[in-house]
Each structure stands twice: as structure tokens, then as C-alpha cells.
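One structure below.
Index from 1, following the sequence.
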Amino acid sequence: LLLRLAALWKPNEQWSVTPSIYYQNRQVHDISNYWPIYSNPGSDHYIDGDPSARATPDKFYLPALKIEVDLDAFHVISNTSYYHRKEQTGYEGTLYNLGFYQSLAGLATPLLDSTGIHLGGFTPDITNYRSPSTIDNGQQNVTEEVRLLSADPTAKLIWTTGVFFSSDRQTYLEQIHDPQLNDFWLAVAGEPYTGEFTDANGDPVTYVPGYGSDSYFLNIHARDQQLAWFGEATYALTDTLKATVGLRYSRTEYSFNTLTGGPQLFSAPTANSGDKKENSFTPKVNLSYQMDPNDLFYATYAKGFRPGGANNPVPQAACAADFASFGISASPATYNSDTVDSFEVGAKNNIDNRVRLASSVYYIKWHNIQQTVVPPICQISFIANLGEAVAKGADIQAEFVVTDAFSAELTAGYTEARYTQDSKFSSAQQSPVVASGDAIAGQSSETGGGRPAAPFTASIGLQYKFSAFAHESFVRADDEYQGRARWLPPSQDPTTLQYNAQDFTLASTNFLSVRGGMNFGELSVETFIDNLTDTHALTDYNLSINPGGGSSSLLRAYTFRPRTFGVTFIYRR
């Protein structure tokens with residue numbers, strides 16, 4: 001359910017007030033991955049063998065107030081908003097526990113491996129063992145910006161300045177609900193769970209009051225505040241040449257409090273807290289040349305800044321072997337800011353109103369990178385600052401008006417983003433965590449680890465307009481192509497500590513959709529077919545915990561939605 005309401009009030013010619021509210025209630029009853037070992041994508045047969053469904057309810061509302069004032073000397077814009085969100089995500093808690101517990105119990109026969117789940121033959125019966133996980137996220141964000149703009153857009157000097165403030169509060173509650181833990185442990189180890197889950201003194205670690213039957217929980221309260229001043233001025237050096245200088249100075253403060261516990265912690269509940277304060281200065285310089293009304297050329301330098309933050313604690317017991325390999329005792333509690341220096345040269349061209357082009361080339365130096373690290377055994381990721389990188393590439397957008405009825409749109413981009421030096425957690429490490437030349441891996445919302453971006457992407461759209469039965473009509477086809485990754489990420493580089501022999505490079509993908517419609521005045525009707533070729537190429541994947549080494553991880557995969565037909569009705573009045 002989506003709802004958006006807005007109103008405009010103008011008490012006079014100088015003032016305007018625009019209140020608005022945006023509301024969303026999204027309910028998804030399970031995630032969209034599948035297990036290749038049980039599935040046949042060629043026949044549109046997809047099976048998810050996870051015994052616990054992962055519902056992801058997500059609700060938020062966003063009221064906002066915009067006030068504009070036109071004065072003789074300048075224009076004032078104030079934007080105020082409040083964002084309130086509650087969502088629930090999670091991960092495959094049952095699968096995580098099976099992989100972790102089989103390692104603790106030292107079982108010769110795995111409970112979970114690359115061929116699936118194996119829970120038969122135990123006493124008591126644990127074939128219905130379930131330990132679903134949930135992650136409840138809450139956000140309450142207040143944002144205020146006041147912007148002053150020069151009144152005359154045709155003046156030789158045009159300027160903008162203002163202040164920005166935000167105060168964001170986040171709550172995070174991660175739980176592995178494990179009510180069958182005792183029966184499970186009796187079956188696989190022949191003793192109550194309190195015999196295995198003990199602290200350093202040998203005392204049993206039991207469920208924590210207030211957290212039900214959670215075998216693990218993590219409760220975080222965090223606050224993130226930012227106060228910034230910004231300004232930008234553009235000066236016309238000549239009628240065709242303009243120079244722009246921009247500055248932003250910000251003060252960021254981040255603080256958090258955590259409480260974590262449960263039998264899987266192998267200790268009493270542990271509290272932690274921390275804070276981080278940083279200042280940033282980010283300049284921007286631009287030079288643009290309007291050669292004629294149809295051709296613009298520009299060059300830009302800008303500095304970017306991303307604040308640091310805190311990691312969710314990674315369970316020590318599950319990732320002990322990975323930590324030992326990395327030469328660390330635990331995942332880093334916090335990570336620092338990273339910065340970029342970007343250089344871009346581009347052009348915007350219009351050829352007889354038949355061809356419109358926007359093109360650019362860029363070069364980016366990335367410092368102290370905030371990078372997701374994926375331990376190859378436990379597969380529980382965290383963020384760390386890992387060295388330097390360079391990203392370079394080019395992109396183009398083109399619109400072609402072939403005839404008055406037929407048009408085409410084309411976009412293409414090429415990116416190379418790679419580390420320029422080895423990076424280690426400690427000098428004692430023989431191998432780096434990332435190596436020079438490795439591709440930078442992105443952050444995936446579903447899998448956690450992410451994959452490197454495709455070096456080449458392209459899309460093309462073709463549209464033909466015509467009249468049918470005296471009504472305006474059209475047909476359109478869109479094709480999106482994403483190339484195969486060219487450089488190995490750390491997880492596929494055998495010289496790094498993140499190397500995982502089961503990780504692999506995704507193939508290129510192609511997604512084709514077609515659409516056609518007719519206009520009936522205030523009503524328009526459009527039919528569409530998405531994924532016309534019914535492709536089922538992999539778009540992402542993840543691997544389960546791998547205590548046995550080798551190829552024992554379970555693969556779960558993601559692909560496009562199968563060929564989908566639909567009709568859209570739009571009524572405007």
C-alpha cells in the first residue's frame with residue numbers, strides 16, 4: 001500500500017507552504033531465492049528448501065513541510081521532514097544454526113552440506129527443528145535544511161548557501177529464536193544444551209530473561225547526528241565560460257549502545273558502547289563552456305566523504321577459525337570514514353534536435369575504503385577500512401529521434417574499480433585480506449557479501465507511436481544488459497585470506513521487456529510482458545556456513561522473476 005498526499009498554500013505572492021505525507025506498508029511473506037539442488041529453472045521450477053519462511057514486513061511514514069519565500073535580495077527554501085520506519089528482515093537462522101552446531105558437536109555426518117539438510121535418524125526426533133531469525137529495525141530521523149539562493153538567475157554571479165541538520169535514531173534487535181535447542185542437543189550430542197554452551201569458567205550459559213528462547217540476540221541503540229554548512233557560487237567569466245566553486249563543512253557524531261547474549265555467546269550477556277566524532281571539508285570546482293546553444297562541455301573536481309560507523313558484533317564462536325586466519329581476536333567494533341577524490345570531464349550535445357548526447361569520463365581515487373569483509377568459513381560479514389583503490393570509467397546516454405513516430409534511447413557504461421595496494425589487519429599476516437588488483441565488491445541487501453560491479457552495462461529502448469482506431473497508441477521494447485565481472489574480488493583471489501573456493505563469477509545477463517498501450521482521453525491502458533525471453537540467469541547467490549571446508553557449503557541462488565504478463569490502467573483528471 002502506497003499513499004502520498006500534498007497540498008499548496010500561497011498566502012501571498014512571496015510565500016508558499018507545501019505540506020506533504022508519504023506512507024508505505026509493504027508485506028513480503030518470504031525471500032525470493034531458490035536452492036539449485038532442488039530446482040529446475042529451465043522449467044520455471046524453483047524450490048526454496050529453507051524450513052523457516054522469512055517474512056519482511058516494512059512500514060514507514062514521511063511527513064514533510066516545505067516553505068518558500070521570495071525576497072528582493074534572495075530566495076529562501078526551508079525543508080523539514082520526519083522519517084519513521086519499522087521493518088523486519090532476517091537471515092536463514094535454521095541453516096546458520098545447523099552449520100554452526102554440527103561443527104560444535106563434531107559430527108561425522110553433517111546436518112547441512114551442499115546436498116541439503118539431513119536431520120533424520122536422531123533420537124529424540126529433530127526432523128522438524130526450526131530456529132528462525134528476525135531482525136527488527138527502527139528509524140526515527142529528523143531533517144532540516146534552510147537554503148538561500150540568489151534572486152536573479154541571469155546575474156553574472158549566482159550563489160546558494162545554507163545549513164543542514166539531521167538527527168537519526170536507530171534501533172536494531174537481532175534474534176535467533178531457538179526453542180528446540182535442548183531437544184536438538186540431546187539428539188545430536190546426547191546431553192542438554194547446558195553441557196556444551198558454557199562460559200570460560202565452565203558454568204552453563206542459558207536463555208536470557210526478557211529474550212525468550214533466543215540462542216543469540218543483539219540489541220543496539222544508535223544515534224547519528226550531522227550539522228553542516230554549504231555554499232556554492234557560479235561566476236560567468238564570459239558569456240560562454242562559467243566557473244563554479246562549492247564548499248561543505250560538516251560535523252558528524254555517532255554513538256551506540258549494545259547488549260548481546262544467549263547460549264551461542266558462551267558467556268553472560270555483554271554490554272558495549274562507543275562514539276565517534278568527525279569533521280569533514282569537501283570542496284567542489286567546476287568549469288563549464290557553452291560553445292553554442294546545443295553544445296556544453298565541462299570539467300569537475302569534487303571531494304566526497306562518508307562517515308564512519310560501528311559493526312554489529314560477529315559471534316566469536318562461529319567465526320573463531322576465520323579470526324585466527326585474519327590475525328585478529330574479533331571483528332572491529334567500529335570503522336572510520338572514507339573519502340574520494342573524483343575528476344570528471346563530460347559533454348552535453350544536441351544535434352538538430354534529432355540526437356541528444358550526454359557523455360563523460362571519470363577517474364576516482366578512493367582512500368581508506370569501507371569494505372565488506374566476508375569470512376570464508378562462517379560467512380558472517382563485517383565492515384573494515386581496507387586500503388586504497390582507483391575507479392575509472394566512462395558513460396554515455398543518447399536519445400535518437402529517427403522519425404516523428406520512431407525513437408530510440410541508449411545508455412552504456414564502463415567501470416573499472418580495483419584496489420591499488422595489499423591490505424592486512426596486522427603485520428603478522430602472511431597473506432592480505434585484499435590484494436592489489438582485486439575488484440571492489442559491492443554490498444548486497446540479500447546476501448550480505450555482494451559481488452563486484454559488472455565492468456560493462458548497457459540498455460536500449462525502442463518506441464513507436466501511431467494512431468489506432470483514432471486513439472494515440474504506442475509499442476515499446478527495452479533491453480538491459482549487464483556484463484560478466486572481469487576482475488576477481490578478494491573472495492575469488494587465492495592469494496587473499498577471504499578466498500573461498502566455492503565462490504564464482506556470475507555470467508552476463510540480459511533482460512528484455514515489451515509494452516504497448518492506447519490512450520482513451522483521461523484513461524490509458526497499457527499491457528506489458530517482463531522477461532520476455534524467460535531468462536533464468538543467476539543474478540546473485542550466497543553460501544551457508546562451511547565448518548567442514550572444501551565444497552560442503554550449501555548454495556542458494558537468485559534470478560529474475562519468470563516471464564510476467566500484466567495490464568496497467570492509469571486515470572488522470
Side-chain angles (χ1 to χ4, degrees), residues 1-28 32 58-68 70 77 79 81 83 153 293-294 348-358 396-412 458-481 510-535 560-573:
L1 174 65
L2 296 175
L3 175 66
R4 183 177 183 181
L5 298 174
L8 173 62
W9 177 51
K10 288 183 68 71
N12 53 46
E13 290 299 319
Q14 286 74 41
W15 287 76
S16 66
V17 180
T18 307
S20 65
I21 186 168
Y22 186 76
Y23 173 81
Q24 173 185 286
N25 186 344
R26 183 172 178 265
Q27 302 290 328
V28 177
S32 57
D58 184 0
K59 294 194 297 184
F60 74 79
Y61 58 87
L62 174 62
L65 180 65
K66 181 179 181 180
I67 300 174
E68 297 183 75
D70 281 320
I77 301 176
N79 279 299
S81 65
Y83 180 67
N294 295 318
K348 297 181 180 180
N349 309 98
N350 185 336
I351 305 173
D352 296 330
N353 286 325
R354 288 287 182 178
V355 180
R356 294 183 176 88
L357 300 173
I396 186 170
Q397 299 177 4
E399 299 178 16
F400 304 92
V401 182
V402 183
T403 69
D404 292 342
F406 180 59
S407 62
E409 301 167 7
L410 172 69
T411 64
S459 66
I460 185 170
L462 305 175
Q463 182 165 299
Y464 180 71
K465 298 178 181 179
F466 59 96
S467 179
F469 308 103
H471 295 287
E472 293 180 358
S473 306
F474 78 94
V475 290
R476 181 181 178 90
D478 290 278
D479 189 72
E480 300 177 16
Y481 172 81
N510 208 71
F511 188 85
L512 177 63
S513 60
V514 294
R515 179 179 294 269
M518 186 175 291
N519 192 353
F520 299 92
E522 295 177 344
L523 176 68
S524 62
V525 180
E526 298 179 7
T527 60
F528 65 87
I529 306 175
D530 288 339
N531 195 4
L532 180 66
T533 61
D534 203 26
T535 179
F560 296 110
R561 186 177 182 178
R563 184 187 294 118
T564 304
F565 303 81
V567 181
T568 302
F569 298 90
I570 301 175
Y571 180 76
R572 295 186 179 92
R573 188 172 182 180

(message) Pairing donors with acceptors under 3.5 angstrom, does anything connect the side chains of Asn294 and Asn349?
(response)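 No, because no side-chain N or O of Asn294 sits under 3.5 Å from a partner of the opposite role on Asn349.
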(request) Check side-chain contact (heavy atoms from CB on, under 4.5 Å) between Ser407 and all other residues, then give those that pass, not counting sequence neighbours. (result)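 Result, side-chain contact (heavy atoms from CB on, under 4.5 Å) vs Ser407: Gln463.
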Can you find a pair of side-chain heavy atoms, one from [X] and one from [Y], that are under 4.5 Å apart?
X: Leu410; Y: Gln397; value: no
X: Lys66; Y: Glu68; value: yes
X: Tyr83; Y: Phe60; value: yes
X: Asn531; Y: Phe511; value: yes
X: Val567; Y: Val525; value: yes
X: Val475; Y: Phe466; value: yes
X: Lys348; Y: Leu357; value: no
X: Leu2; Y: Tyr23; value: no

Check [X] against [Y] and note the closest heavy-atom contact, atom names and distance.
X: Asn510; Y: Thr535; result: O-CG2, 3.4 Å
X: Thr533; Y: Arg563; result: C-NH2, 3.9 Å
X: Met518; Y: Ala468; result: CE-CB, 3.8 Å

(request) Only one of Thr564, Asp478, Leu512 passes side chain to side chain contact (heavy atoms under 4.5 Å, CB included) with Leu532; say which it is. (result)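 Testing Leu532 for a side chain to side chain contact (heavy atoms under 4.5 Å, CB included) against Thr564, Asp478, Leu512 leaves exactly one candidate, Leu512.
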(message) Could you check whether any side-chain N or O of Asn519 sits under 3.5 Å from a backbone N or O of Ser524, counting only pairs where one atom can act as donor and the other as acceptor?
(response)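 Not a single qualifying donor-acceptor pair exists.
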(message) Keeping Arg4 on the side-chain end and Tyr22 on the backbone end, is there a donor-acceptor pair under 3.5 Å?
(response)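 Such a contact is absent between Arg4 side chain and Tyr22 backbone.
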(message) Under the side chain to side chain donor-acceptor pair (under 3.5 Å) definition, can you give me all pairs with a residue in residues 464-473, not counting sequence neighbours?
(response)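 For residues 464-473: none.
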Can you measure from [atom1] ([X]) to [atom2] ([Y]) and round to the nearest 0.5 angstrom?
X: Leu523; Y: Phe569; atom1: CG; atom2: CZ; value: 7.5 Å
X: Phe560; Y: Ser32; atom1: CZ; atom2: OG; value: 12.0 Å
X: Leu1; Y: Arg26; atom1: CG; atom2: CZ; value: 13.0 Å
X: Arg476; Y: Phe528; atom1: CZ; atom2: CZ; value: 15.0 Å

(request) Could you give me the CA-CA distance, side-chain angles and deciding distance for Phe406 and Leu462, then say whether side chain to side chain contact (heavy atoms under 4.5 Å, CB included) is met? (result) CA-CA 8 Å; Phe406 180 59; Leu462 305 175; 4.2 Å; yes
For the [atom1] atom on [X], are there more than 12 heavy atoms of other groups (residues, nucleotides or ligands in this structure) within a distance under 6.0 Å?
X: Phe469; atom1: CZ; answer: no
X: Arg354; atom1: CZ; answer: yes
X: Glu409; atom1: CD; answer: yes

(request) Look at Glu526 together with Arg515 and state whether they make a salt bridge at an N to O cut-off of under 4.0 Å. (result)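 Looking at Glu526 and Arg515, the cut-off is met.
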Scan the side chains in residues 6-20 for donor-acceptor partners under 3.5 Å anywhere in the protein, sequence neighbours excluded, and list what turns up.
unit_1: Asn12; atom_1: OD1; unit_2: Gln14; atom_2: N; d: 2.9
unit_1: Asn12; atom_1: OD1; unit_2: Trp15; atom_2: N; d: 2.9

